[in-house]
Q: 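Shown below is the structure under consideration.
The figures that follow rest on heavy atoms only: side chains count, while hydrogens, waters and symmetry mates do not. Ligands are counted one by one from 1 in listed order, and the atoms in each one are counted from 1 as well.
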Amino acid sequence: MDKLVIRGGRPLHGKVDIGGAKNAAVAILPATIMAEGPCTIQNVPDISDVHILLEIMSSMGVDVRMTGKHEYYLDGRGLVSSVIEHEEARRMRASYYFLGAMLSRFGKAAVALPGGCNLGARPIDQHLKAFMALGCECVVDHGMVYCDSGRGLKGNQVIFDIVSVGATINAMLAACKAEGRTVLQNVAKEPHVVDVANILNMMGADIRGAGTDTIKINGVKHLRGVEYSIIPDQIEAGTFIAAAVATGGDVEIDNITPKHLETIVSRIREMGGEITLDEECAYVRRRGPLLATNLRTMPHPGFPTDMTPQASVLLALAEGTSVIQEGIWSNRFRYADELRRMGARFSVEGKTAIISGVSKFSGAPVVSTDLRAGAAMVIAGLCADGMTEVRGVEYIDRGYEDFVGKLRALGADIERVEDLEEQIVQQEA
Ligand code: UD1
């Protein structure tokens, strides 16, 4: 196990490149098994969630080759298995995308219920509702999800009860080759939903309306192999925007899609960020003191839940009191205790957090409670007096490529070291 050691107080300066979107990659890589030829996927982020997915695909019989920096050749023609067992699925949440992809490919799928960050209850009833509407029989037994379409999937109307990114993408995957027309209503509109629709259309699917409330899909018989580049990661970009503003730095953030960042940028401007968006980059500085504001997280185009921990660091250092209302997850604020260790005044009641700004954090040992909370701990450490140690680095590795290297290149005093104390505790336990 490693930990991060941060000596705070240095504003970030310079340029940083944003990688491919994690939440698009974890859907697009499984989707390649639906093609009848090899696919080359570019701008694949070098993060542990992607490594796990590629290991699962390799063990299923997909020919996986790294053909360049951030580029993979994936040939699923030799795929044999339609079963993903517990040990594999438990390692990441997005293993559920194999359900939709394998249903499309084989007409049946068996995947263990997924793992992932502990943000609250993570049911997949809406995914199964869509599969059943398309004519599948779905059974959950001993932690495995079994889906079987019998004599093939048939297009249908699906009205989701709640807006779910995963269920929207999974339904799109399953419906591409379903016979006839599928209409998905009350769907998620996140940029990664559109990215998945784009690659599927390039493969030969007929999907319209991705990015709106209704997606219409006319089933096709064949999908071909393609070359495709994944969109930039809006949350990684948002994280660096928050870090630049929090430390009072001056950072150029390159390889972004400004449209995907509109909500994040407008809200961080209200908190005191001075942000100029260009065609593919953002110039970020602090305008003056950080300012309190209220936030409510909502599905896209609302403020993304995956940006609340990073934004809450800004609010915890702002003048005044802010309220964050979490609209997606029941357990998003588990990191509040950790930020309190650093001096933040942060109280949580259910899905609401009340933050009273303080003028400074003081460095302390803290633990990442999930991926985005880990990023928030690091940003807090960069702003704190003295030394902060962040444990639970494996969460950060799930979704941030070379986070430490990118921050060091911006002048941060941060290093990753082996956590000998943790090893001793483990040996004693
Ligand atoms: C995705 C993102 C995650 C982000 C979340 C919300 C990936 C791999 N992860 O997660 O980082 O925080 O979107 O933007 O893309 N729900 C149900 N039944 C279902 C499915 C979801 O009740 O069948 C509920 C969930 O408990 C949650 C809400 O719907 O309260 C939204 O979940 P969803 O959009 O599905 O999140 P994920 O796709 O798992």
Q: Which of the numbered atoms in ligand 1 are under 4.0 angstrom from any heavy atom belonging to Ile124?
A: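 Atoms satisfying the 4.0 Å criterion: 19 (C), 23 (O).
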
Q: Judged by atom type as modelled, is there a donor-acceptor pair below 3.5 Å linking the side chain of Gln310 to the main-chain atoms of Asp306?
A: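 Here the side-chain-to-backbone pair exists.
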
Q: Distance under 4.0 Å to a non-hydrogen atom of Gln126: what atoms of ligand 1 satisfy this?
A: 18 (N), 19 (C), 23 (O)

Q: Using a 4.0 Å heavy-atom cut-off, say whether Ile328 meets ligand 1 through its side chain, its backbone, both or neither.
A: both

Q: Using heavy atoms and a threshold below 4.0 Å, how should the contact between Ile162 and ligand 1 be classified: side chain, backbone, both, or neither?
A: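 Side chain only; the backbone of Ile162 stays clear of ligand 1.
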
Q: Using a 3.5 Å cut-off on N or O atoms only, is Ser164 in polar contact with ligand 1?
A: yes

Q: Taking atom types as modelled, is there a side-chain donor on Glu326 or Thr305 under 3.5 Å from an acceptor on the other?
A: yes

Q: Will you find, in the side chains of Asp195 and Tyr228, an N or O donor that is under 3.5 Å from an N or O acceptor?
A: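 A pair is found: one side chain offers a donor N or O, the other an acceptor, under 3.5 Å apart.
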
Q: Going by the order shown, which atoms of ligand 1 are within less than 4.0 Å of some heavy atom of Gly166?
A: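 Close to Gly166: 35 (O), 38 (O).
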
Q: State, without any angle test, whether His127 and Asn170 hold a side-chain donor-acceptor pair at a distance under 3.5 Å.
A: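 Result is yes, a qualifying pair exists.
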
Q: Consider ligand 1: state whether an atom of it lies below 4.0 angstrom from any non-hydrogen atom of Pro123.
A: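 It does; at least one heavy atom falls under 4.0 Å.
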
Q: Indicate whether the side chain of Tyr72 and that of Thr40 have a donor and an acceptor atom separated by less than 3.5 Å.
A: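 Looking only at side-chain atoms, Thr40 and Tyr72 do not form any donor-acceptor pair under 3.5 Å.
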
Q: May I ask you to identify, for Lys129, whether its side chain, its backbone, both or neither come under 4.0 Å of ligand 1 on a heavy-atom basis?
A: neither

Q: Going by the order shown, which atoms of ligand 1 are within less than 4.0 Å of some heavy atom of Val165?
A: 13 (O), 33 (P), 34 (O), 35 (O), 38 (O)

Q: Would you give me the side-chain donor-acceptor pairs under 3.5 Å for residues 402-409, sequence neighbours excluded?
A:
| unit_1 | atom_1 | unit_2 | atom_2 | d |
| --- | --- | --- | --- | --- |
| Asp402 | OD1 | Gly405 | N | 3.0 |
| Lys406 | NZ | Asp17 | O | 2.9 |
| Lys406 | NZ | Glu236 | OE2 | 2.7 |
| Arg408 | NH1 | Ile414 | O | 2.7 |

Q: Please list all pairs passing the side-chain hydrogen bond (donor to acceptor under 3.5 Å, both in side chains) test where one or both residues lie in residues 143-167, with sequence neighbours left out.
A: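 The answer is Gln126-Asp161, Lys129-Asp161, Gln157-Gln185.
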
Q: At under 4.0 Å between heavy atoms, which part of Ala167 makes contact with ligand 1: side chain, backbone, both or neither?
A: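 For Ala167, there is no contact with ligand 1 at all, from either part.
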
Q: Can you see whether Ser312 engages Tyr335 through a side-chain donor-acceptor pair at a distance of less than 3.5 angstrom?
A: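 Short answer, yes.
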
Q: If we set the cut-off at 4.0 Å for heavy atoms, which region of Tyr96 has an atom near ligand 1: side chain, backbone, both, or neither?
A: side chain

Q: Find all atoms of ligand 1 within a distance of less than 4.0 Å from any non-hydrogen atom belonging to Thr305, and give their numbers and elements.
A: 6 (C), 12 (O), 14 (O)

Q: Evaluate the side-chain proximity of Leu223 to Lys177: yes if any heavy-atom separation is below 4.5 Å, no if none is.
A: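 They are in side-chain contact.
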
Q: Checking contacts here: is it the side chain or the backbone of Asp306 that comes within 4.0 Å of ligand 1, counting heavy atoms only? Could be both or neither.
A: side chain

Q: Check whether any N or O atom of Asp125, backbone or side chain, sits under 3.5 Å from an N or O atom of ligand 1, and answer yes or no.
A: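 N/O-N/O distance below 3.5 Å exists for this pair.
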
